[in-house]
Amino acid sequence: MSLLEVLGEAVSQELQAMGFGRREVRLERPARAEHGDWATTVALSLAKEAGRPPREIASELADRLNRRVLDHVVGVEVAGPGFVNFRLGPGWLHAVLEEVVDAGDDDYARCGSGQGERVQVEFVSANPTGPLHVGNGWLGSYGDALARILDRCGYVVEREYYVNDTGGQIRALGRSLLALRRGDDVPEQGYRGAYVAELAAEYQGPDAASPGSAPLEEDVLAAGRWASGRILSQIQSTLESLGIHYDTWYSQAKIEEGGALGETMAVFERAGLLYEEDGALMLATTEFGDVRDRVMRKSADKGGDYTYLAGDLAYHRDKFLVRGFDRVIDVFGADHHGQVASLKAGVAALGVDPSRLEVRLGQMVSLSDGGEAVKMSKRSGNFVALHELIEELGPSPTRLLSLVSSIDQATTVDLAVVRSQSAESPVFYVQYAHARISAIGRVRRERGIEMRPLSEVNLGQLVHERELAVLRSLEALPEVVRVAAAERAPHRLTAWVRELASRFHGFYHDCRVMGEGVSPDLTQARLWLVEAAAIGLRIGLSLLGVEAPEHMGNPGQQDSAAAEVSS
RNA sequence: GCCCCCGUAGCUCAGCGGAUAGAGCGCCGGCCUCCGGAGCCGGGUGCGCAGGUUCGAGUCCUGCCGGGGGCACCA
C-alpha cells in the first residue's frame with residue numbers, strides 16, 4: 001500500500017470508530033506549505049449529516065489519528081473551517097526519490113489506466129492542397145503528445161493521418177496548376193499561393209486541350225494528384241521535423257476505389273436506414289441524434305457522387321469494424337464542428353457505440369504581428385506556414401509553445417513577440433534546467449567524484465525547503481500523467497514540467513551540490529536528487545515531444561534546424 | 001435562430017468543488033571569488049454580469065452580456 005492509501009485507510013477506520021459509515025477517503029495536497037503535506041476534508045462534508053460542527057468532528061478525528069503510529073506522520077492538525085492536515089517528516093519524500101530512481105526514465109509515472117485498450121488517434125489530416133499552417137502544428141503537437149501520454153498509461157496507441165487525396169479540392173488544385181502553367185488566371189475556386197506557381201513550373205504532365213478551351217478532366221485530375229502528392233510529402237517532412245511520426249497514412253482514394261463505400265451502404269441498407277429523396281440517397285441520421293438526415297450519394301444532377309460524409313463513414317467503419325479499434329479519438333479544428341453530430345450519428349448507425357468515438361475540437365489559432373491580426377487563407381496563399389515558424393523558432397520551442405494552453409482555448413500567437421523573444425520562450429527555461437543538470441554531471445566527472453550506490457547514501461540530509469520542493473513535484477508526476485491522459489489534456493503536463501524546472505532552478509540557486517562547505521555525504525544525497533530531477537524532466541519532456549538537451553546553445557543562436565526532436 | 005469553445009493581472013495563458021487565485025512577458029529594484037545569470041529573490045493589479053446548487057464556487061447549473069467557430073446534394 002502506498003503512503004496515501006495507508007493514510008486514507010487510517011482516516012476511514014477512525015471515522016468508522018466514530019460511528020460514521022465506511023467510505024473512501026481521498027487526500028488532497030494543500031495549496032500552502034503551512035497546511036502540511038496532505039489534507040482531508042471529510043469533516044467538512046460529514047458535518048451536515050452528523051449534525052455536528054465540522055471543527056468538532058475534525059478535532060476528534062485528529063486526536064484519534066495522533067494516537068496512532070503512522071509512518072512519516074509527525075502530526076495531524078485541524079485548521080480553518082475543519083480541514084484535517086497531515087504534517088509529514090521529509091522521509092516520505094526521500095522514499096519518493098528512491099522510487100523515481102528505481103523506476104527510472106522508462107517506468108516512473110507509468111499508469112495502467114488504459115488497460116491495453118487499442119486506441120487510434122487521428123490528427124492533423126489536413127488536405128494536401130497546401131502547406132500546413134500554424135493551427136495544424138498546434139493540433140499536431142497536441143495529437144502526438146496525447147498519443148505519447150496515452151501510451152504511457154497503458155493504451156495501445158496508433159497515430160493516423162487521413163489523406164484527403166480525392167474530390168473537388170484536388171481537382172481545384174489541378175486546375176490552378178494547369179492555369180498557372182498556361183499563364184492564365186487562377187480559376188475562381190482555385191489555389192493561388194506562391195507554392196502553386198512553383199509546382200506549376202515543375203510539372204511535366206499533359207494538358208491535351210487546345211489553347212483557349214478548358215483543360216480535360218483527366219489532365220486536371222492527373223495534375224491535381226501529382227501536386228497533392230508533392231505537397232503531402234512536404235507536409236510529412238514538416239511533421240517529422242516536429243518529431244511527429246504516424247503509423248498510418250490512410251488514403252481516402254483507397255476507400256473510394258475499394259469496395260468500402262458499397263459495403264458501408266449495405267450495412268445501412270440492411271438496417272433500413274437508407275431512403276431516396278429528390279434523387280439523392282439519404283441516411284436517417286436523425287434517428288441517432290442528428291438535426292437532419294444526411295445525403296450519402298448526391299442526385300444525378302449534382303454529379304451522383306458519394307458525399308464526403310459517406311466516405312468518412314466508410315472510413316470510420318474501417319476503423320471500428322475492420323481494424324477493430326476499441327476507441328477512436330479524432331482531433332479536428334473547431335471549423336469542423338458541424339461534422340461531429342452527423343459523424344457520431346453515422347457511427348451509431350453502423351451499430352458502433354458512439355461513445356467509442358471521441359472528437360476533440362481544437363479552437364482556432366490566430367496570428368498577429370505586433371498586435372495586428374494576420375489573416376490566413378490557403379486559397380489566397382496569404383498565410384504563415386508552419387514550417388516557417390519551425391525554421392524561425394526550432395522544433396522544440398514550437399512544440400512547447402503549442403502545448404502551453406488547452407486546445408479549448410482559442411489562442412493568439414504574436415509573431416513579433418515570438419521573433420524578438422525566441423530565446424525567452426517557455427522551452428528554454430525548462431531545457432536550461434536539464435542542461436544545468438548535465439553540467440553538474442560533467443563537473444562531477446571532471447572532479448573525479450564517484451556517485452555511491454543510492455542504498456549507501458543518507459538521504460536524510462535532504463531537508464532544505466528547496467530540495468523538498470523538487471521532490472514534491474516528482475511525487476506528483478504519476479498523478480499528473482494520469483490526469484493528462486484521462487482529460488486528454490497534455491497541457492497539464494506542460495504546466496508540471498515548468499513547475500519542476502522552476503523548483504529545480506530554485507534548488508540550484510540555493511543548494512550547492514559540490515564544493516567548499518558541502519560535506520561529501522550531502523554531495524552524494526544531492527547528486528541523487530539531481531538525478532531524480534533529471535529523470536522527471538526527461539519523462540515530462542519526452543511525453544510532450546520536446547528535447548531534453550545536455551547543452552544550451554548561445555542565446556539567440558539556436559541551431560534550430562538541427563534540433564530534431566527525439567521520440 | 002440553433003450548436004460548440006472562451007471571457008481570470010496591461011498582454012499571452014495556467015488553475016483536480018476546498019484554505020490567502022498563480023506563471024510567463026512587460027515595468028521597477030536587489031543577487032555571481034564557487035556546479036552555465038537563458039538563473040534566483042522582492043515589488044501590484046484580476047475571476048464579464050445576475051441568480052442558483054453546496055458546509056465551501058474562478059471551477060457545477062440557469063439566464064444575460066461580450067469574443068471566436070460551426071450549422072451544404074463543399075471537402
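Per chain, numbering begins at 1; letters A, B, ... match sequence-line order.
The base of B/A75 has none of its N or O atoms less than 3.5 Å from a complementary donor or acceptor on the side chain of A/Asp305. Contact of A/His505 with B/C40 (side chain to base): no donor-acceptor pair of N or O atoms is detected under 3.5 Å. With hydrogens and angles ignored, a donor-acceptor pair closer than 3.5 Å exists between the side chain of A/Ser299 and the base of B/C73.
The number of heavy-atom neighbours closer than 6.0 Å to CZ of A/Arg26, taken from other residues, nucleotides and ligands shown, is 12 or below. Other residues, nucleotides and ligands contribute at most 12 non-hydrogen atoms within 6.0 Å of the CD atom of A/Glu24.
Among the atoms of the strands shown, base atoms are found under 4.0 Å from some heavy atom of A/His551. Residue-level contact check: A/Gln339 touches the bases, meaning some heavy atom is under 4.0 Å from a base atom. Within the 4.0 angstrom heavy-atom criterion, only backbone atoms of the sugar-phosphate kind lie near A/Arg292; the bases stay farther away. Among the atoms of the strands shown, base atoms are found under 4.0 Å from some heavy atom of A/Asp278.
In a base pair of the Watson-Crick type (N1 to N3 plus N6-O4 or O6-N4) or a G-U wobble (N1-O2 and O6-N3), with each distance short of 3.5 Å, B/U45 is matched with no nucleotide. Checking B/G7 for Watson-Crick or G-U wobble geometry (two distances, each under 3.5 Å) identifies B/C65 as its partner. Using the Watson-Crick or G-U wobble rule with both distances under 3.5 Å, B/A23 pairs with B/U12. Under the Watson-Crick and G-U wobble criteria, each requiring two contacts below 3.5 Å, nucleotide B/G1 is paired to B/C71. Base pairing of B/G39: its partner is B/C31, meeting the Watson-Crick or G-U wobble criterion (both donor-acceptor distances under 3.5 Å).
Aromatic stacking of A/His35 on B/A19: satisfied, with centres closer than 5.5 Å and planes within an angle under 30 degrees. By the 5.5 Å and 30° criteria, A/Tyr508 is not stacked with the base of B/G39.
Residue A/Arg447 places no side-chain N or O under 4.0 Å from the OP1 or OP2 atom of B/C34. Residue A/Arg436 places at least one side-chain N or O closer than 4.0 Å to OP1 or OP2 of B/G37. Taking side-chain N and O atoms only, A/Lys298 has a distance below 4.0 Å to OP1 or OP2 of B/C74. Note on A/Lys344: every side-chain N or O is 4.0 Å or more away from OP1 and OP2 of B/C3. Here A/His491 reaches the OP1 or OP2 of B/G15: one of its side-chain N or O atoms lies under 4.0 Å away. Within the 4.0 Å cut-off from OP1 or OP2 of B/A14, at least one side-chain nitrogen or oxygen of A/Gln409 is found. OP1 or OP2 of B/C40 lies within a sub-4.0 Å distance of a side-chain N or O belonging to A/Tyr429.
Atom name C1', nucleotides B/U62 and B/U54: the rounded distance is 16 Å, in whole Å. Rounded to the nearest Å, the gap between the C1' atom of B/C47 and that of B/A23 is 16 Å. A gap of 15 Å separates the P atoms of B/A21 and B/G48, to the nearest Å. If you take atom C1' in B/G58 and the same atom in B/G46, they sit 11 Å apart, rounded to whole Å. B/U59 and B/G15 have their C1' atoms separated by 9 Å, with the value rounded to a whole Å.
Both A/Ala79 and A/Gly167 lie close to RNA chain B; mapped to their nearest nucleotides by heavy-atom distance, the more 5′-ward contact belongs to A/Ala79. For the pair A/Ala39 and A/Asp335, nearest-nucleotide mapping onto RNA chain B gives the more 5' position to A/Ala39.
The glycosidic torsion of B/C47 lies more than 90° away from 0, placing the base in the anti range.
A/Thr129 and A/Asn127 are not linked by any side-chain donor-acceptor pair at a separation below 3.5 angstrom, with hydrogens and angles left out of the test. For A/Gln252 and A/Thr166, the side-chain atoms include no donor-acceptor pair closer than 3.5 Å. A/Asp165 and A/Ser251 share a side-chain donor-acceptor pair at under 3.5 Å.
With A/Arg503 as the partner, the side chain to side chain contact (heavy atoms under 4.5 Å, CB included) test is satisfied by one option alone out of A/Arg466, A/Arg498, A/Arg472: A/Arg472.
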Begin with the C-alpha distance, continue with both residues' side-chain angles, and end with the deciding distance and a verdict on ring-ring contact (aromatic ring centres under 6.0 Å, His included) for A/Tyr162 and A/Tyr315.
CA-CA 9 Å; A/Tyr162 186 45; A/Tyr315 176 46; 3.8 Å; yes
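When distances are taken from the side chain of A/Arg294 to each of B/G15, B/A72, B/C34, the shortest belongs to B/A72.
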